[in-house]
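Report on the structure given below.
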Amino acid sequence: MKVAVIGSGTMGSGIAQVAATAGCAVKLFDLNQEALTKSQNALEVTLSKLVEKEKISAQDKAGIQNRMLYVSSLADLSDADLVIEAIVENLEVKRKLFSELENIVSEQTILASNTSSLSIASIAASCQKSERVVGIHFFNPAPLMQLVEVIPAVQTSEATLQKAIETITSWKKVVAVAKDTPGFIVNRVARPFYSEAIRIYEEGVADFATIDAALKTHGNFRMGPFELMDFIGHDVNYIVTETVFTSFYYDPRYKPSFSQKRLLEAGFLGRKSGRGFYDYSQEMPQPTTNDALAQNIFERVLVMLINEAADALFLNIASAKDIDNAMTKGVNYPKGLLAWADEKGINWCVEKLDALYNEYHEDRYRCSPILRRMNRENQTFY
Ligand code: NAI
């Protein structure tokens, strides 16, 4: 298969590597020659490390590099069977690119966008043959993260969807099909991991270190929410939160926090700027050791995550299996949230959410109807 990747930044470079590793002939295009050279050099470093670690052979490395072509004109992509766009996250720029592409590629070529936050329908609408447009959303770093969300727009044909699923699966990725709604699966379902943790902090229940430790020791999450936000960067994480919130017509469940907004305004972007929630020039603060408090914090964040996952299923955003795979393989959650709900008991989830709602009377704590119904009918997700 001939694959074209547009944009040789973080994501495009990773996607190109995945496709070339899977045996595809890949053309990588970027408007910026420097970005292309940087990508080519970075691939050399990455593959050399893999050879050193004996993950791939020297022949594999040569094969991957031989299948990669770095091109400096859009017209060079004319023979592609599949184009994956990973350029700047700007609707007008993407729409212009997609409409130009249609004049270059064949009628059969599938045109995919790696967008995290734009609607696929709005990108597809820039094409005459909009049924060939689909969302193919990789996670960073693309060569390491197993999950890829595939998002059909209202215009996407069944044949395009099936071809996209088949191709991405053959690249040894786990596909989760998501409805074309804000945040798709991962960026929607993961919101409470950040927002509920911040809320717990804002209420003065515990400090960052204690909340992080609670999620790691009691929930087995690899990183606590504050560490993770600092790692992702508040420029990225806050913007995703705000985009999801505005895209959902200001549903209060997704309301961003002032705590995080102020960090962004202050330029405390997290690890990359030396300071975020934590100050990395100082010794890291120690968590308070209080097992009951930690358990409470963990359960409050967990039940909010479960509620969000259940609601995504309720609204047919994706299947239960795809929702669980998305969180374990896209953001390394220790368990699928719906499987976790079964384990905790649906009744436990409903009671916990109702207790929060009774305490606060805020919409963010309203229990998803699917959990309530399942509880009444004694059902489980699996
Ligand atoms: P980036 O800024 O690292 O790379 C973008 C590249 O696109 C740059 O090299 C730029 O020169 C090039 N570019 C911009 N406009 C272009 C055009 N009209 N034609 C050709 N090349 C053009 O960005 P990144 O982080 O790789 O993101 C790319 C896309 O992937 C965005 O849509 C983003 O939302 C999405 N995405 C990003 C993730 C991340 O964690 N960074 C995760 C999943 C999706």
Side-chain angles (χ1 to χ4, degrees), residues 4-19 26-43 70-77 80 83-105 111-120 122-124 126 133-151 168 173 175-176 178 180 182-188 190 194 228-229 231-244 247 269-272 326 329-332:
V5 179
I6 307 183
S8 65
T10 313
M11 294 309 293
S13 300
I15 296 166
Q17 184 189 331
V18 171
V26 180
K27 285 182 182 168
L28 184 55
F29 166 69
D30 200 295
L31 273 182
N32 180 345
Q33 183 56 45
E34 239 172 76
L36 271 181
T37 310
K38 200 173 147 207
S39 174
Q40 188 165 9
N41 293 340
L43 183 64
Y70 298 83
V71 303
S72 50
S73 151
L74 205 56
D76 292 328
L77 309 182
V83 180
I84 302 181
E85 165 277 311
I87 66 166
V88 57
E89 190 73 335
N90 175 307
L91 181 60
E92 281 324 305
V93 181
K94 287 194 199 280
R95 284 172 59 99
K96 185 165 168 284
L97 174 68
F98 273 72
S99 63
E100 275 171 27
L101 269 175
E102 253 198 334
N103 298 322
I104 291 170
V105 298
L111 304 180
S113 175
N114 185 51
T115 181
S116 296
S117 65
L118 302 169
S119 93
I120 308 302
S122 66
I123 297 171
S126 63
V133 178
V134 66
I136 300 187
H137 183 224
F138 286 80
F139 289 78
N140 189 16
L144 296 185
M145 300 309 290
Q146 266 193 294
L147 182 77
V148 177
E149 292 175 333
V150 172
I151 308 109
I168 300 302
K173 295 289 180 189
V175 167
D180 187 14
F184 310 132
I185 305 172
V186 170
N187 282 333
R188 170 194 191 126
Y194 313 111
L228 184 55
M229 284 183 274
F231 181 76
I232 295 169
H234 298 291
D235 45 347
V236 175
N237 188 265
Y238 179 81
I239 299 304
V240 174
T241 305
E242 198 177 59
T243 308
V244 169
S247 311
L269 302 183
R271 266 179 189 270
K272 61 185 167 195
K329 304 197 187 306
V331 272
N332 288 326

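One-based numbering, in listed order, for ligands and for the atoms of each.
- Remark: side-chain polar atoms of Lys272 are not paired, donor with acceptor, to backbone N or O of Gly233 under 3.5 angstrom.
- Contacts of ligand 1 (protein heavy-atom distance under 4.0 Å) are Ile6, Gly7, Gly9, Thr10, Met11, Phe29, Asp30, Leu31, Asn32, Ala35, Ala86, Ile87, Val88, Glu89, Val93, Lys94, Asn114, Thr115, Ser116, His137, Phe138, Asn140.
- Rounded to the nearest 0.5 angstrom, Ile151 CD1 and Thr115 OG1 are separated by 8.5 Å.
- Distance CZ/Phe98 to CD1/Ile123: 5.5 Å, rounded to 0.5 Å.
- Here the side chain of Ser99 pairs no donor or acceptor atom with the backbone of Ser126 at under 3.5 angstrom.
- Note that CD of Glu149 is 10.0 Å distant from CG of Asn114, once rounded to the nearest 0.5 Å.
- What you find for Ser122 and Arg95 is that their closest heavy atoms are O-NH1, 2.7 Å.
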